[in-house]
Amino acid sequence: KNQVEQSPQSLIILEGKNCTLQCNYTVSPFSNLRWYKQDTGRGPVSLTIMTFSENTKSNGRYTATLDADTKQSSLHITASQLSDSASYICVVIYTNAGKSTFGDGTTLTVKP
Amino acid sequence: NAGVTQTPKFRVLKTGQSMTLLCAQDMNHEYMYWYRQDPGMGLRLIHYSVGEGTTAKGEVPDGYNVSRLKKQNFLLGLESAAPSQTSVYFCASSYHREAGANVLTFGAGSRLTVL
């Protein structure tokens, strides 16, 4: 069964600190991997998209990495801000049909 | 731009009642999707549509029906609501299937409670 597992389930950090969220997947064949940010009460919003050949992709203070050999991805947030408090969802797209599997998400809380 | 708009935002139903969730997008997207999001679980695809007049089953289609009579609208129906259908429902749309650089644009969600 295609699975996407994220860790940790939740994380609390102080404003200004860095953090890294993990995503492990067993999805095959792999097409691309996305990280979404979901604010409370809102729909998910795309942060990054990485294909099989890409190792890293940045979007401002967000940097995603991908190791297709070990099937692992991480999302690194630099100099966190209160507005980074949200759920971060890893999504793996597989096959050319564009089928996707969503992770359960990591809930990040940034405290002042 | 409104993007993807879902109505209603909240609804409480009794078991056995029926209702319809409406999704409207103003981006001229071909593909539209309905997901449900439950605590501790990732979003799961209920049904999707690859164009006006077409629908297809997703991962968890049982108990739901959909229609795409107009390109901009995608309706999700519950004919006989059950407590297991208590969830937050998200509609999304995209130009093409979610491959390559194509991304989903999500609505704000509709919270449904079935008593």
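First the proteins, then the strands, lettered A, B, ... as listed; each starts at 1.
Clustering ILVMFWY residues whenever any of their side-chain heavy atoms sit less than 4.5 angstrom apart, transitively, puts B:Val60 in a cluster other than the one holding A:Val92. With hydrophobic clusters built from ILVMFWY side chains whose heavy atoms lie under 4.5 angstrom apart, B:Val50 does not share a cluster with B:Ile46. Note on A:Val45 and A:Leu47: separate hydrophobic clusters, where clusters join Ile, Leu, Val, Met, Phe, Trp and Tyr whose side-chain heavy atoms are under 4.5 Å apart, directly or indirectly. If you chain together hydrophobic residues whose side chains sit under 4.5 Å apart, A:Leu11 and A:Leu82 fall into the same group. Criterion: ILVMFWY side-chain heavy atoms under 4.5 Å apart, direct or through other members. Under it, A:Ile89 and B:Val4 are not part of a common hydrophobic cluster.
B:Phe106 and A:Pro44 make their closest contact through CD1-O, 3.3 Å (heavy atoms, listed as atom of the first residue, atom of the second, distance). Closest approach of B:Tyr35 and A:Ser100 over heavy atoms only: OH-OG, 4.0 Å. Heavy-atom minimum distance, A:Tyr36 versus B:Leu104: OH-N, 3.5 Å.
If you measure heavy-atom distances from A:Gln38 to chain B, the contacts under 4.5 Å come from the side chain alone. Interface residue B:Gln37: only side-chain heavy atoms are found under 4.5 Å from chain A.
Counted within 6.0 Å of CZ on A:Arg42, heavy atoms from surrounding residues, nucleotides or ligands total 12 or fewer; the atom is thus considered open. B:Glu79 CD: 12 or fewer foreign heavy atoms inside a 6.0 Å radius.
The stretch residues 104-112 of chain A places A:Asp104 near chain B, each with some heavy atom under 4.5 Å from a heavy atom of that chain.
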